[in-house]
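Please read through the structure below; I'll follow up with questions.
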Amino acid sequence: MDLVPAPLSCRPVEGASYVIDRHTALSAGPGTEGVARWLRSALGAATGLPLPPGEGSGIALAVDGALAPEAYRLAVDAAGVRITGGGAAGVFWGVQTLRQLLGPDAYRRAPLAPAALWRVPGVEIDDAPRFGWRGMMLDVARHFMPKDGVLRYLDLLAAHKLNVLHLHLTDDQGWRVEIKRYPLLTEVGGWRARTKVGLRESTLWDERPHGGHYTQDDIREIVAYAAERHITVVPEIDVPGHSQAAIAAYPELGNTDVVDTAALEPWTGWGVNPNVLGVSDATLAFYENVFAEVLDLFPSPFVHIGGDECPKEQWKASPAAQRRIAEQGLADEDELQSWFVRHFDGWLAERGRRLIGWDEILEGGLAPGAAVSSWRGYAGGIDAARAGHDVVMCPEQYVYLDWRQAEGPDEPVPIAHARTLEDVYRFEPVPDGLTPEEARHVIGAQANAWSEVMDSARVVDYMSFPRLCAFAEVVWHRLPPPAERDFAGFAARMDAAHYGRLDALGVEYRPPGGPLPWQRRPGVVGRPKDGPPPRR
Ligand code: TNX
């Protein structure tokens with residue numbers, strides 16, 4: 001049946017099948033009305049069939065509280081299709097499986113032929129995800145992805161049973177979410193004068209402005225669209241580093257006693273930027289006001305505060321920062337960062353939310369209740385899990401979608417080391433050496449699409465697919481240890497069915513044979529990271 005991600009158990013029922021046609025009714029048990037609405041609209045578009053409400057022969061959706069909330073059972077026989085989930089989310093994932101069973105044309109938005117036959121093979125599937133956090137991060141700060149692109153990505157995540165979209169909304173190069181109280185964040189911070197093409201030794205700039213942002217209504221729409229697909233949108237406002245765009249908009253946010261922050265503009269280069277936030281009461285209050293608006297927009301239990309790559313030079317030079325260190329009895333600038341993070345940890349906790357940040361938030365002590373996105377490998381995640389903090393594993397060595405997909409001169413994004421489809425398939429979110437109790441703190445994993453060199457949704461597609469399909473199977477299925485995984489079997493399923501689904505969805509993935517001529521981007525440079533290709 002060539003399902004991706006593979007279900008936990010799948011028994012074909014020989015000789016049985018069900019044909020969805022204009023007589024097929026769709027019955028929605030209590031709690032499944034939203035899923036039914038989604039199914040009617042998606043399948044209705046592809047098939048042209050009405051799927052009217054009703055009992056009897058047809059598609060029946062139901063909740064059975066005996067199953068885990070995201071688990072589902074799908075049974076197909078001559079009488080119809082029954083999908084039972086532990087909650088609406090489980091039903092929704094079951095419906096995604098049904099769509100895969102119908103063949104690639106079920107992913108189109110209009111029927112190819114009025115009389116197409118929509119035969120579902122007889123099958124009994126029992127399925128449930130391995131992890132509760134199955135995520136992808138879109139970096140909409142470095143290159144803005146207009147709202148339509150984000151909605152489309154939510155569809156793509158849903159089709160792969162991924163349930164978290166982490167939106168990296170702010171960085172040195174751009175601020176992408178409307179904050180009513182501080183309009184200059186998007187008016188000034190949302191636009192940069194030009195963009196460096198490629199990384200590091202590149203001397204090429206595109207010489208045109210880049211920018212854009214989501215209005216608060218856009219965000220509400222994105223969040224609601226995600227919720228219909230049982231996806232949580234986790235917002236990231238990156239502090240105290242990666243903040244030059246905010247400082248360009250409101251210079252008083254920076255270390256005004258050591259730099260002329262009024263001269264700063266949203267950054268046109270890439271890398272780690274020295275212009276970090278100051279630590280005044282006013283800066284904290286400013287960000288509390290920002291987060292207050294963010295909390296109103298995003299119901300996510302987790303709120304990401306970044307916390308990565310915060311150079312300490314300005315704090316070392318700043319009398320104001322040193323006064324703060326002395327006043328708080330802190331040992332050094334690392335502890336000053338922890339103090340900053342703890343402030344927002346407490347602030348979020350008072351409002352019923354949980355802080356998550358990149359693994360640098362471990363340096364100088366982790367705030368109680370904070371969770372960690374472990375990106376510089378597994379070490380930060382291991383330390384955090386041992387200390388009883390929840391962890392989302394996203395080691396760059398495995399799941400950074402901006403890393404090139406192959407050696408060779410044709411890769412359109414030639415940065416870092418090659419991380420192939422097979423490397424991603426052999427990514428293991430739970431590192432060796434954790435006790436079962438510690439391992440329970442690994443609540444999931446995510447793949448991160450940093451966009452310095454991804455200037456359009458087409459490039460994001462190329463870099464994300466098919467690797468995101470392998471990632472989806474890793475976080476959904478209970479695969480054996482990395483060395484024992486059947487990559488050939490996965491690749492065969494991709495060839496037999498899943499590339500066809502991606503084609504129907506209009507995803508411009510990297511073909512197995514390498515980039516198509518138009519996908520190559522001569523002139524984009526960025527040498528690999530130093531040292532040998534990383535291994536686990
Ligand atoms: C490191 S991952 C970063 C990002 C870059 C990325 C490029 C992380 C928390 N920080 O700012 O975009 O590397 O791979």
Side-chain angles (χ1 to χ4, degrees), residues 135-145 166-176 192 195-200 202 210 234-246 266-276 302 304-311 337 341 355-363 370-381 384 391-405 411-419 423-424 445-455 459-460 463-464 467 524-531 533-534:
M136 181 198 194
M137 189 209 76
L138 286 177
D139 172 7
V140 296
R142 269 55 174 277
H143 279 99
F144 182 57
M145 182 183 276
H166 168 173
L167 278 184
H168 182 74
L169 288 165
T170 71
D171 213 304
D172 299 306
Q173 299 86 357
W175 184 286
R176 306 286 174 230
R192 61 175 177 263
T195 296
K196 183 165 172 168
V197 181
L199 295 186
R200 302 185 181 89
S202 167
H210 176 87
V234 175
E236 179 185 352
I237 304 291
D238 204 343
V239 294
H242 286 282
S243 296
Q244 182 163 317
W267 200 19
T268 57
W270 310 121
V272 179
N273 188 296
N275 293 304
V276 306
F302 281 99
H304 208 292
I305 56 89
D308 57 316
E309 299 176 328
C310 178
Q337 166 149 352
V341 170
L355 175 145
I356 182 164
W358 302 109
D359 56 53
E360 286 94 331
I361 68 171
L362 286 162
E363 290 159 16
V372 166
S373 305
S374 187
W375 76 274
R376 295 177 297 180
Y378 287 100
V391 176
V392 174
M393 279 294 179
C394 48
E396 57 176 353
Q397 296 84 348
Y398 278 89
V399 289
Y400 266 32
L401 298 173
D402 58 331
W403 287 32
R404 66 174 74 204
Q405 306 199 57
E411 289 307 313
V413 175
I415 69 177
H417 295 288
R419 295 288 88 183
D423 290 327
V424 174
Q446 68 181 42
N448 295 338
W450 297 102
S451 69
E452 288 95 329
V453 198
M454 300 195 213
D455 57 0
V459 188
V460 179
M463 296 305 285
S464 302
R467 291 187 294 188
V524 177
V525 299
R527 72 183 159 73
K529 294 213 168 180
D530 295 329

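Source: prediction; values computed, not measured. In listed order, ligands and their atoms are each counted from 1. In this chain, residues are counted from 1 in sequence order.
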With a cut-off of 4.0 Å, which atoms of ligand 1 are near a heavy atom of D402?
->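 Listed by number with element: 7 (C), 14 (O).
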
Which of the atoms in ligand 1, numbered in the order shown and given with their element, are less than 4.0 Å from a heavy-atom of H242?
-> 11 (O)

Any nitrogen or oxygen of D139, main chain or side chain, under 3.5 Å from a nitrogen or oxygen of ligand 1?
->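 No, D139 has no N/O under 3.5 Å of an N/O on ligand 1.
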
Check ligand 1 against E452 and write out every atom of the ligand that is under 4.0 Å from a heavy-atom position of the residue.
-> 5 (C), 7 (C), 12 (O)

Go through ligand 1 atom by atom and flag the ones less than 4.0 Å from a non-hydrogen atom of W358.
-> 9 (C)

Side chain of T170, backbone of D238: donor and acceptor closer than 3.5 Å?
->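 Checked: pair present.
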
Partner set under salt bridge (Lys or Arg N to Asp or Glu O under 4.0 Å) for D402, not counting sequence neighbours |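 With sequence neighbours excluded, D402 shows a salt bridge (Lys or Arg N to Asp or Glu O under 4.0 Å) to no residue whatsoever.
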
Check the pair Q173, W270 against side-chain contact (heavy atoms from CB on, under 4.5 Å), reporting the backbone distance first and the verdict last.
-> CA-CA 8 Å; Q173 299 86 357; W270 310 121; 3.3 Å; yes

Sub-3.5 Å N/O-N/O distance, D308 and ligand 1 =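 Yes; the residue has a nitrogen or oxygen that sits under 3.5 Å from a nitrogen or oxygen of the ligand.
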
What pairs with E236 under side chain to side chain donor-acceptor pair (under 3.5 Å), at least two apart in sequence or on another chain?
-> H166, H168, W358

Would you say V413 and V524 make side-chain contact, with heavy atoms under 4.5 Å?
->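 V413 vs V524: side chains apart.
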
Going by atom types alone, do E360 and W375 pair a side-chain donor with an acceptor below 3.5 Å?
->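 Per modelled atom types, E360 and W375 side chains form a pair under 3.5 Å.
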
Is ligand 1 under 4.0 Å from a heavy atom in the side chain of E309, in the backbone, in both, or in neither?
->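 The side chain, only.
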
With heavy atoms under 4.0 Å as the rule, classify the contact between Y400 and ligand 1 as side chain, backbone, both or neither.
->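 Under 4.0 Å from ligand 1, Y400 contributes side-chain atoms alone.
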
Taking N or O atoms only and a 3.5 Å limit, does R142 qualify as a polar contact for ligand 1?
->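 Yes, there is a polar N/O contact under 3.5 Å.
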
Could you tell me whether the side chain of E452 and the main chain of R142 form a donor-acceptor pair under 3.5 Å?
->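 Such a contact is absent between E452 side chain and R142 backbone.
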
